[in-house]
Protein chains: 2
Amino acid sequence: MQLNELSARSGVSAASIKYYLREGLLQPGEAVTATRARYDAGHLRRLELIQSLRQIVGLGIEQIRAIVSVADGGAPRLEVLATVQRVVLRLGPHGEGTNHGGGSRDTHGAGHARPGDAVVQLRGWPDEESDARNALDAQLALMERLGIPLSTEILDAYSGAMDTIAGLDLQLTAAAASLDQAIQTAAVGMHMHSQLLLKLLALAQASHAIWRFEGRA
Amino acid sequence: MQLNELSARSGVSAASIKYYLREGLLQPGEAVTATRARYDAGHLRRLELIQSLRQIVGLGIEQIRAIVSVADGGAPRLEVLATVQRVVLRLGPHGEGTNHGGGSRDTHGAGHARPGDAVVQLRGWPDEESDARNALDAQLALMERLGIPLSTEILDAYSGAMDTIAGLDLQLTAAAASLDQAIQTAAVGMHMHSQLLLKLLALAQASHAIWRFEGRA
DNA sequence: AGGATAGGATAGTGCTCCTATCCTAAAGGC
DNA sequence: GCCTTTAGGATAGGAGCACTATCCTATCCT
């Protein structure tokens, strides 16, 4: 199929496809001749991925490029998914914890206490240095600084649910037919769970408010 | 204090303060004379609120206005917080479920099954029509459509945690000195929990991946 | 031969959140 | 009384982002 057909089938305008090509989100098609290029199902898949990351997850072009460039670079699936995590994690509007220098608050090399230690031990997760671990520590520190209370009970419930989901996610992403699909599954899944929590919280708050102000049924 | 001092103390540029005044996010100061206006601690508080909603929660000017206009309209605290929920809930990039017409998929007036029924009954939450409830139903339906698996176990863990947190939140917002502070507490809190979950999920996924690919310690 | 096509370059659009400039009328300090 | 400062209104400019539109040339297919 060539550009026009790719556009028609994907629902993405030809102009946008050209834009994505320019930005390196989409691999150039196979150049049949100098002015004819052929695109395949992989390109269709990639466009669907881009659409999902843009419209559902809300990533910017640069962030999408950060992900797909790793994928297109032939990196192993695990590494690509780690990149997805890294990008989606710093999705706090405008990029809260860039952390791209090195030394954060302390070197934490000497096995000192970190905010996330309790959770990690509770779940028996490997106590390794990782972006996710750093992000968690930063988040817990931030919440404490903002005076948002967090009981062990809550962290237990959260991490328990996440532990369960992570296992399922691993199966899903492992079962994904293509790398692009695995990326999409991972990114969309993370976002959806986060959104689900938001909605449950809202309903819980509404329920408590009703109980409190309308006579605690 | 007058505009310049308000700017210095809040760290918001005078130009931005004027902008917020124009946009109706900030109440005009008390006009001492025709060219002198006095601002008080309330204005400082409001600016802090605006900053939080912009930079942490990532709301747009229009969304912030939707919240503060209700607050400034003298609505009761409960109603203001409901507005906060409404705004933060449809924060799915670009506003997934606008729902601002009326009839969604079915009228669900006849007590038909809705996706969120199980959770509501599990928690004993009041089974009332509400924005939060609609948002939850929509989210569950969306996740099912996307093929994201959700076990009862997970919903149990999520909703249990949310139930606990909602109780705490209610205390926090009830204890807030000002309405603006209550708004800030609620909005920032919702966002922070959602972000925390994201980070825990990432760590859980990383842990499972390590187990799976590096010899399941 | 001639209309269609790929892909490159370039500029424009629409949106949002400011930021800067200018203006007028009026204070307040000296 | 004069001169700087100020409020607040109007208006324009600017930066970032994700496109979108136009034009171009070298092809290709028929």
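Letters A, B, ... mirror the listed sequences (proteins, then strands); counts begin at 1. Computed from a predicted model, the values in this text were never measured in an experiment.
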Give me the atom names and distance for the closest heavy-atom approach of A:Ala41 to A:Met1. N-CE, 4.3 Å
For the pair A:Glu129 and A:Arg114, find out whether any cationic side-chain nitrogen is under 4.0 Å from an anionic carboxylate oxygen. yes
Within this structure, what is the CG-to-P distance between A:Leu26 and C:dG8, rounded to whole angstrom? 12 Å
Between A:Gln51 and B:Pro28, which has a closest nucleotide on DNA chain D that is more 5'? B:Pro28
If every non-hydrogen atom of B:Gln139 is compared with every non-hydrogen atom of A:Met192, which pair is closest and at what distance? NE2-O, 3.0 Å
Testing the basics here: between A:Ile148 and B:His193, what is the closest heavy-atom pair and its distance to 0.1 Å? CG2-NE2, 3.9 Å
For A:Glu62 and D:dC19, give me the distance from atom CD to atom P, rounded to whole Å. 14 Å
With a 4.0 Å limit, can you tell me whether B:Arg54 has a side-chain N or O closer than that to the phosphate oxygens OP1/OP2 of C:dC18? yes
Looking for any heavy atom pair under 4.0 Å, which part of the strands does B:Gln2 touch: base, sugar-phosphate only, or nothing? sugar-phosphate
Nearest-angstrom distance from the residue atom CG of B:Leu3 to C1' of C:dA27: 16 Å
I want to verify a distance call: between D:dA26, C:dA26, D:dA18, whose nearest atom is closest to the B:Thr35 side chain? C:dA26
With ring pair (Phe, Tyr, Trp, His ring centres under 6.0 Å) as the rule and sequence neighbours excluded, what pairs involving residues 40-79 of chain B come up? B:Tyr39-B:His43
Give the rounded distance in Å between these two atoms: CD of A:Glu30 and C1' of C:dG7. 16 Å
Give a yes or no on whether the backbone of A:Leu203 and the side-chain of A:Ser207 come within a donor-acceptor separation of less than 3.5 Å. yes
Using atom types as modelled and distance alone, determine if a side-chain donor or acceptor of B:Ser16 lies under 3.5 Å from a backbone N or O of B:Val12. no
In whole angstroms, the gap separating P of D:dA7 from CD of B:Glu5 amounts to 10 Å
Would you confirm whether A:Asp131, through its side chain, and A:Arg86, through its main-chain N or O, come within 3.5 Å as a donor-acceptor pair? no
Describe the nucleic acid contact of B:Gly29 in one word from base, sugar-phosphate, nothing, applying a heavy-atom distance below 4.0 Å. nothing
Below 3.5 Å, can you tabulate the donor-acceptor pairs from side chains in residues 20-36 of chain B to any protein atom, sequence neighbours excluded?
from, atom 1, to, atom 2, distance (Å)
B:Glu23, OE1, B:Arg65, NH1, 2.9
B:Thr33, OG1, B:Thr35, N, 3.2
B:Thr33, OG1, B:Arg36, N, 3.2

Here the distance between atom P of C:dT16 and atom CG of B:Leu53, to the nearest Å, is 18 Å
Using a 4.0 Å cut-off on heavy atoms, which residues in residues 13-22 of chain A reach DNA chain D? List them by number, or say none. A:Ser13, A:Ala15, A:Ser16, A:Tyr19, A:Tyr20, A:Arg22
Interatomic distance, B:Glu23 CD vs C:dC17 C1' [rounded to whole Å]: 9 Å
Judged by atom type as modelled, is there a donor-acceptor pair below 3.5 Å linking the side chain of B:Gln2 to the main-chain atoms of B:Arg38? no
Let me check something: any side-chain donor-acceptor pairs from residues 162-186 of chain B under 3.5 Å, sequence neighbours excluded? List them with distances.
from, atom 1, to, atom 2, distance (Å)
B:Asp163, OD1, A:His208, NE2, 3.0
B:Asp163, OD1, B:Trp125, NE1, 2.7
B:Thr164, OG1, B:Gly160, O, 3.1
B:Asp169, OD2, A:Gln205, NE2, 2.8
B:Thr173, OG1, B:Asp169, O, 3.0
B:Thr173, OG1, B:Leu170, O, 3.2
B:Ser178, OG, B:Gln181, N, 3.0
B:Asp180, OD1, B:Arg46, NH2, 3.2
B:Asp180, OD2, B:Arg46, NE, 2.7
B:Gln181, OE1, B:Ala177, N, 3.4
B:Gln184, OE1, B:Arg45, NH1, 3.3
B:Gln184, OE1, B:Arg45, NH2, 3.1
B:Gln184, NE2, B:Glu48, OE2, 3.4
B:Gln184, NE2, B:Ser52, OG, 2.8
B:Thr185, OG1, B:Gln181, O, 2.8

Table of protein N/O atoms under 3.5 Å from nucleotides 1-5 of chain D N/O atoms:
from, atom 1, to, atom 2, distance (Å)
D:dT5, O2, B:Arg36, NH2, 3.4

Check A:Glu5 with A:Arg9, please: is the shortest side-chain N to carboxylate O separation under 4.0 Å? yes
Given Watson-Crick and G-U pairs under 3.5 Å, DNA chain D in dot-bracket ([ ] crossing, | other strand) is ||||||||||||||||||||||||||||||
Could you state the atom-to-atom distance from OH of A:Tyr39 to C1' of C:dA6 in whole Å? 7 Å
